[in-house]
Amino acid sequence: MTKFIPSQIEKKWQVAWENSNCFSVNEFSEKPKYYVLEMFPYPSGRIHMGHVRNYTLGDVVARFRRAEGFNVLHPMGWDAFGLPAENAAMERNTHPAKWTQQNITSMREQLKSMGLSYDWKREIATCDPEYFKHEQLIFIKFLEKGLAYRKESWVNWDPVENTVLANEQVVDGCGWRSGVPVERRKLSQWFLHITRYAEELLGAIKTLSDWPERVRLMQHNWIGRSEGAQIKFFLTDNVDDITNIEVFTTRPDTLFGASFLAISPHHPLTGYLSKINSKILKFVSECEKLGTSEAALEQAEKRGVDTKLFVYHPFVNGKKIPVYIANFVLMDYGTGAIFGCPAHDQRDLDFARKYDLPVTEVVCPENENENSFSIGNVAYTGPGKIINSGNWNGLDIETAREVAINAIETGNFGTKKVSYRLRDWGVSRQRYWGCPIPIIHCSNCGIVPVPEEDLPVKLPEDVQFNTPGNPLDMHPKWKYIACPNCGLNAERETDTFDTFFESSWYFLRFTDPNSNIAFDPKKAFYWMPVDQYIGGVEHAVLHLLYSRFFTRALSDIGYLKLKEPFSGLMTQGMVCHQSYKSQDNQWLFPNEVSKKGGEFVSVNDNLPVKVGRVEKMSKSKKNVVDPEEIIKSFGADTARLFMLSDSPPDRDLEWTEAGVEGSFRFINKIFKLTINPPLKPKHKLNRNEIKDLSPENLDLLRTSHRSVQIIGDNIKRFSFNKCVAQLHIFVNAITSFTHEGEVGERVKHHVLELLAQALSPFTPHIAEELWSNLGNSEFVSSSPWPDIFENLLIDDTVEIAIQINGKVRAKLRLPLDLPKEEAEAAALSCKEVKKYMSGKEIKRIIVVPNRIINVVG
RNA sequence: GGGGAUAUGGUGAAAUUGGUAAACACGCUGGAUUCAAAAUCCAGUGCCGAAAGGCUUCUCGGUUCAAGUCCGAGUAUCCCUACCA
């Protein structure tokens, strides 16, 4: 018997696909378009199981939609800028460009070994000047349109990586990669005006009906819209030329409860005061330290310092309110100042109790007496009736809010205001391996964009990585240049873009990857939006929000006409594996562990191994399995099938050795079907013939056609695990079929063709092998999804459960669509009903056609 | 502190609209084959019980002829977010 050697079959078909260019597409087609995209990888050098899962999911969709008759765009590329290349440069003394290129080459080979149906002619790498020169021009257009601007700002400085981190790259006060506490520094930075689109990005979330609800919710929370009022509190005595403090609040209804104002340690007023008051200066510098490393500690204690300044209460004549500087007030939200209403905000209450400030109740809960209601150490934040608030007394809080805003506006010391948590996107990074920001700083002309004809600004190749800091900034020549405006000596911007910049428009470049403009609007119009985008949920907020912003911003500078880039989104779960530790507490790779009689032991010393949790594959815990090894020993089809079996795509998947072997066995079973299958019959089986077939032939045909139907339906629903289950049923039906004679041969040939077509999206190599051995010369990968014989989908009898008082007591096989009366009669005459109902009165009979009959007694 | 998700056999899971719970697989048990093993094939496998039968979708309550599915209360686990005024 021929032995199944996956690598031989798989390589053969991969080469054949590549030579035929069968996955290459263009935009001029009669067929409807379908754009399926997986998040492109960072070229780390080796693919991991997360990639295998991601790209398998995308490939199933791409192959299926192609078979369904769509013109399918399915591209792949490289998110090729980023810090690891610089780290590698330092560690191994290779240039980032070279290191990245090598990684791309080996990862491309690995991806090709998976049999993915990409249009490789559209491959892009973001570190290619042909890619990023368009990005530089986009930035200049953003600048012209006011969508990019420069701002001095406090940044999170990672002292290990010598770079600025975005707020979202700071986790628990530490750098997301380095894990060390970040420091605060003030730098001049480039920002993109994403907040200009805050309302629109928020509002359009509801149009993204094919996105997971939780991603939409995360974006909603991230934008964080809150409605309230901005209120000016006038100082009793001016400080320098400052006359008032502006405050944002969502609770203007509690204004009468205000007992202090608190401003941020980074508020301009604080800056002024700390110059003239050493106590304040000391407090501010303490906040600096606490601000990062001891975030948790800080949370516990609210601290502040009295400025000895006072403001007037806007509605209470003569009432003066003290101004504090407080560590819990953030400068970058609202105005950097709040009014404290201790009775109805827990933080304010904590603060007031600490500094002995008055607590005035202004909202009384419904079940409390307004004369006796008093706050202890828990603030009341619920609904109720306004009290102690002049002529607002008696209003509910919602009405009071409107009345308050009216009064504030009428009094001319504030306005209704909407605030967002979302902040503008800082795109400057002090790194070498990124897209240069195309700007020249001239002492004469100021900020001068690099002229379009001088683009791209390329990275210099001769750079040193042995000193900390940005190599571009330390390069002896690169940054010195004549000003394009006035010709005087000037300097290039040495910062590069955040790598999220590249990934915010790559999906557009794929629509026209070799163009000498960013992309042809007509081509982008044809292919966009991405019909199905697939990737990890870790990008639920940033990458997806930035891409949504970019699509709008690009539309506003005339590049295209589109709002939403991704109409369908699927976020896949993580690939997990059990972790193991040796006796001396060292992590062990799965292949360093073997199972002996139900016990796990170390391969090295045969000692028992401590079995840990099943968790996300990670190098640090060594619970990783290398896809290349799996593909080498079991084949890509097995790896792909395993990824799709059992767990639905959005849930975490546990990689198990037993599971892989199970998938491998199934592929082997199919392989046996590819050997000497029936010859291609002269006449194809047609749907009118089936009435003359034997029950056995008919059963097989019925199972086969139903399977194809079920598989197609479930692909559309992303229920690939159910597709695999149905494939098992399908294959089992074929292997247990004993075909006889010419008719049997024709039936078997027919169902094997269906099988090859149904397998093709999932395990394309073995499907291609089977299809070819059945006598087909075209690729199954290019064949249409099979026509289903609808007359095989319905059976003429159904099994109906007979319930007595809601419990199933019998099952009857009855003709399909049997009239109610006859069904009732059949149920009543069965012996179980007679047994259970003897001597009892039948009160009711419920008949659910073709499903159930419930006899109630 | 805030928000969200999930909970079904030994395990991963299925049950699309309230209508036969556990499809399909993994694992396990027994058998066939084999000098032996691997592979393969066949049979069994939710739980309790010798059987008859009873019980079963995290717990408690409710609606219904009928609840894994709907409603209310609670528990556990995971994820996100966090002084957002």
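If you're wondering where the values come from, they're calculated on a predicted model, not measured in any experiment. Numbers restart at 1 for each chain; the letters A, B, ... are given by sequence-line order, proteins then strands.
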Please tabulate the protein-to-nucleotide N/O contacts below 3.5 Å involving nucleotides 64-71 of chain B, giving atom names and distances.
from   : atom 1 : to       : atom 2 : distance (Å)
B:rC65 : OP1    : A:Arg844 : NH1    : 3.2
B:rC65 : O2'    : A:Asn854 : ND2    : 3.2
B:rC65 : O2     : A:Asn854 : ND2    : 2.8

*May I ask you to say what A:Gln726 touches in the nucleic acid, namely base, sugar-phosphate or nothing, with a heavy-atom cut-off under 4.0 Å?*
nothing
*Within a radius of less than 6.0 Å around NZ of A:Lys354, do more than 12 heavy atoms belonging to other residues, nucleotides or ligands occur?*
yes
*A:Lys807 near the nucleic acid: base, sugar-phosphate alone, or nothing, with a heavy-atom cut-off under 4.0 Å?*
sugar-phosphate
*Quick one: is A:Arg665 getting a side-chain N or O under 4.0 Å of the B:rG27 phosphate, OP1 or OP2?*
yes
_ring-ring contact (aromatic ring centres under 6.0 Å, His included) involving A:Tyr324 - partner list, sequence neighbours excluded_ = A:Phe351, A:Tyr355
*side chain to side chain contact (heavy atoms under 4.5 Å, CB included) between A:Leu542 and A:Trp222: does it pass, once the steps are laid out?*
CA-CA 9 Å; A:Leu542 298 178; A:Trp222 190 262; 4.1 Å; yes
*Answer with base, sugar-phosphate or nothing: what part of the nucleic acid does A:Leu330 contact at a heavy-atom distance below 4.0 Å?*
base
*Gap in Å between the two P atoms, one belonging to B:rU63 and one to B:rG72, rounded*: 15 Å
*Let me know the distance between CH2 of A:Trp211 and P of B:rG4, rounded to the nearest Å.*
20 Å
*Kindly say whether the aromatic ring centers of A:Phe500 and A:Trp425 come within a distance under 6.0 Å.*
no
*Contact list for RNA chain B against residues 333-347 of chain A - heavy-atom distance below 4.0 Å*: A:Tyr333, A:Ile338, A:Arg347
_Expressed as a whole number of angstroms, how long is the span from A:Phe664:CZ to B:rA25:C1'?_
17 Å
*In whole angstrom, give me the gap between the C1' atoms of B:rU64 and B:rG19.*
12 Å
*When you get a sec, tell me which of B:rG19, B:rA21, B:rC26 is the closest nucleotide to the side chain of A:Val808?*
B:rA21
_Rounded to whole Å, how long is the line connecting atom CG of A:Asp650 with atom C1' of B:rC79?_
13 Å
*Write down the distance separating the C1' atoms in B:rC60 and B:rU75, rounded off to the nearest Å.*
10 Å
*asked:* As a test of reading the structure: which of B:rG4, B:rC83, B:rG27 is closest to the side chain of A:Asn327, going by heavy atoms?
replied: B:rC83
*Distance in angstrom units between A:Leu542 CG and B:rU81 C1', rounded*: 13 Å
*Determine yes or no for a side-chain-to-main-chain donor-acceptor pair under 3.5 angstrom, with A:Asp210 supplying the side chain and A:Gly568 the backbone.*
no
_Checking A:Arg809 against A:Tyr836: is there a side-chain donor and acceptor pair closer than 3.5 Å?_
yes
*asked:* Pick the closest RNA chain B nucleotide for A:Glu661 and for A:Phe248 by heavy atoms, then say which residue is nearer the 5' end.
replied: A:Glu661
_Per-nucleotide protein contact string for nucleotides 6-17 of chain B (B base, S sugar-phosphate only, - none; heavy atom under 4.0 Å)_ = ------BSSSB-
*Distance between the C1' atoms of B:rA15 and B:rC84, in whole angstroms?*
44 Å
Solution key, residues 663-671 of chain A side-chain donor-acceptor pairs under 3.5 Å, sequence neighbours excluded:
from     : atom 1 : to       : atom 2 : distance (Å)
A:Ser663 : OG     : A:Gly659 : O      : 3.4
A:Asn668 : ND2    : A:Phe664 : O      : 3.0
A:Lys669 : NZ     : A:Asn732 : OD1    : 2.9

*asked:* As a test of reading the structure: which of B:rA85, B:rG19, B:rU20 is closest to the side chain of A:Val848, going by heavy atoms?
replied: B:rG19
*Kindly write out the residues that satisfy salt bridge (charged side-chain N to carboxylate O under 4.0 Å, His left out) with A:Glu213, not counting sequence neighbours, or none if the list is empty.*
A:Arg216
*Any side-chain N or O of A:Arg303 under 4.0 Å from OP1/OP2 of B:rC83?*
no
*Whole-Å gap separating C1' (B:rA82) and CG (A:Asp332)*: 14 Å
*asked:* Taking the C1' atom in each of B:rG49 and B:rC65, what is the distance between them to the nearest angstrom?
replied: 31 Å
*Whichever of A:His728 and A:Asn668 has its nearest RNA chain B nucleotide further upstream toward 5'*: A:His728
_Partners meeting ring-ring contact (aromatic ring centres under 6.0 Å, His included) with A:His313 (sequence neighbours left out)_ = A:Phe256
*Syn/anti state for B:rG9 [syn: chi within 90° of 0]*: syn
*Please report the C-alpha distance between A:Arg706 and A:Gln726 in whole Å, then the side-chain angles of each, then the deciding distance to 0.1 Å, and finally whether the side chain to side chain donor-acceptor pair (under 3.5 Å) criterion is met.*
CA-CA 9 Å; A:Arg706 261 182 211 164; A:Gln726 195 61 41; over 6 Å; no
*Please answer whether the main-chain N or O of A:Lys417 pairs with a side-chain N or O of A:Glu227 as donor and acceptor at a distance below 3.5 Å.*
no
*Same-atom distance (C1') from B:rA39 to B:rU33, integer angstrom*: 11 Å
*Check the distance between B:rU81's P and A:Leu545's CG and give it to me in whole angstrom.*
13 Å
*If only atom types and distance count, is the side chain of A:His344 paired as donor or acceptor with the main-chain N or O of A:Val363 below 3.5 Å?*
yes
_Between B:rA7 and B:rU59 - C1' atom distance, rounded Å_ = 12 Å
*Just jot down the salt bridge (charged side-chain N to carboxylate O under 4.0 Å, His left out) partners of A:Asp795, sequence neighbours excluded, or say none.*
A:Arg702
_Can you tell me which nucleotide in B:rC26, B:rC24, B:rA85 comes closest to the side chain of A:Thr249?_
B:rA85
*Between the main-chain N or O of A:Thr797 and the side-chain N or O of A:Arg813, is there a donor-acceptor pair closer than 3.5 Å?*
yes
_Whole angstrom value for the distance that separates C1' of B:rA38 from NZ of A:Lys3_ = 11 Å
*asked:* Taking any heavy-atom pair under 4.0 Å as a contact, classify A:Val329: base, sugar-phosphate, or nothing.
replied: base
*asked:* Test: ring pair (Phe, Tyr, Trp, His ring centres under 6.0 Å). Region: residues 706-726 of chain A. Which pairs qualify, not counting sequence neighbours?
replied: A:Phe718-A:Phe720
_Length of the CZ-P vector between A:Arg706 and B:rC24, whole Å_ = 15 Å
_Please report the distance separating the C1' of B:rA13 from the corresponding atom of B:rG27, rounded so that it comes out in whole Å._
14 Å
*Partner residues of A:Arg53 under the salt bridge (charged side-chain N to carboxylate O under 4.0 Å, His left out) criterion, sequence neighbours left out*: none
*Please work out the stems of RNA chain B from pairs that are Watson-Crick or G-U wobble with both distances under 3.5 Å, keeping only runs of three or more consecutive pairs.*
B:1-7 with B:75-81, B:10-12 with B:24-26, B:27-32 with B:40-45, B:46-48 with B:53-55, B:58-62 with B:70-74
*asked:* So A:Arg225, base contact, sugar-phosphate only, or nothing? Heavy-atom distance under 4.0 Å.
replied: nothing
*For A:Tyr380, all residues meeting ring-ring contact (aromatic ring centres under 6.0 Å, His included), sequence neighbours excluded*: none
